[in-house]
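Heads up, the thing below is written out as structure tokens.
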Amino acid sequence: MAESDEKRNFFENVYEVVRQVPSGRVTTYGAIAAFLGAKRSARMVGWAMISSHAQAGIPAHRVINRNGVLTGKHFFGGPDAMQGLLEAEGVEVENDQVKDFDRLFWDPARELL
DNA sequence: GCCTTGACGGTAA
DNA sequence: CTTACCGCCAAGG
């Protein structure tokens, strides 16, 4: 029963980490996955975000891919919804790509730990 | 029950 | 430096 519970915990862990992301900061799927010990399963983090759509307090718009591109902007109900949210927090977005991504990158294993 | 797709990432060529 | 392919895990068809 441990394995099934851990799987569920993985999703819950993702929600918790994303929830700790401060405004004006962005993180990546790989960073979260690596923080959870599944650095090779960054895709699952993205899948968890889709499930997080039903959760509250999950700033999924702050979670993007390692390229700094708003890969899941289409899942926010609008092509510019995610970009608008980031810009509203002070994050400059250019062509669906976060500017100064390296400067705004929030690493859970570096700042949260 | 098997195959394909998917909010990714890293390494190889 | 850019492009291509494979790998991980889960869910939908």
Side-chain angles (χ1 to χ4, degrees):
Chain A
M1 57 184 184
E3 295 180 27
S4 300
D5 194 55
E6 287 180 36
K7 290 286 185 61
R8 207 255 325 167
N9 195 349
F10 179 79
F11 274 61
E12 196 175 286
N13 256 327
V14 175
Y15 303 145
E16 188 173 345
V17 174
V18 176
R19 200 174 298 173
Q20 307 315 307
V21 178
S23 180
R25 285 293 204 279
V26 289
T27 188
T28 69
Y29 309 100
I32 298 170
F35 182 72
L36 299 177
K39 61 182 182 182
R40 303 294 183 183
S41 308
R43 288 182 152 176
M44 304 300 80
V45 180
W47 212 268
M49 311 246 84
I50 300 174
S51 298
S52 77
H53 198 277
Q55 301 295 320
I58 308 296
H61 61 271
R62 296 178 188 155
V63 185
I64 55 188
N65 67 351
R66 87 96 190 166
N67 196 35
V69 180
L70 287 57
T71 41
K73 66 165 189 172
H74 192 73
F75 281 68
F76 281 76
D80 293 298
M82 188 176 184
Q83 182 172 337
L85 289 168
L86 289 169
E87 291 183 310
E89 296 182 348
V91 180
E92 299 179 76
V93 181
E94 183 75 24
N95 190 17
D96 298 330
Q97 187 172 340
V98 177
K99 298 170 62 176
D100 297 309
F101 169 65
D102 183 68
R103 186 173 67 94
L104 299 173
F105 180 48
W106 184 82
D107 190 340
R110 184 199 297 175
E111 307 193 54
L112 175 66
L113 185 60

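A, B, ... follow the sequence lines: proteins, then strands. Residue 1 opens every chain. The model shown is predicted, which means the values in this text are computed figures rather than measured ones.
- One can place CG of N9(A) at 13 Å from P of dA10(C), the figure rounded to the nearest angstrom.
- Taking every side-chain heavy atom of N65(A) into account, dG9(B) is the closest of dG10(B), dG9(B), dA10(C).
- Contacts of F75(A) with the nucleic acid, taken as non-hydrogen atoms under 4.0 Å apart, involve only primed sugar atoms and P, OP1 or OP2.
- As rounded to whole Å, 13 Å separates atom C1' of dG7(C) from atom NZ of K39(A).
- Summarising the geometry, the separation between CZ on F10(A) and P on dA11(C) is reported as 12 Å, rounded to the nearest angstrom.
- Looking at R43(A), its side chain comes within 3.5 Å of the base of dG6(B) through a donor and an acceptor atom.
- The backbone N or O of G84(A) sits nowhere less than 3.5 Å from a side-chain atom of D80(A) that would complete a donor-acceptor pair.
- Nucleic acid contact class of A60(A) (heavy atoms, under 4.0 Å, all strands): base.
- Going from atom CZ of R66(A) over to atom P of dC8(C) covers 20 Å, rounded to whole Å.
- As rounded to whole Å, 11 Å separates atom P of dG10(B) from atom CG of N67(A).
- Aromatic ring orientation, F11(A) versus Y15(A): perpendicular (interplanar angle above 60°, classes split at 30° and 60°).
- A donor-acceptor distance shorter than 3.5 angstrom exists from the side chain of T28(A) to the backbone of A31(A), with no hydrogens or angles considered.
- Regarding W47(A), its CH2 atom lies at a distance of 8 Å from the P atom of dG6(B), rounded to whole Å.
- Judged by distance alone, with hydrogens and angles left aside, the side-chain atoms of Y29(A) form no donor-acceptor pair with the main-chain N or O of R66(A) at under 3.5 Å.
- Between I50(A) atom CD1 and dG6(B) atom P the separation is 10 Å, expressed in whole Å.
- The separation between L36(A) atom CG and dC9(C) atom C1' is 14 Å, rounded to whole Å.
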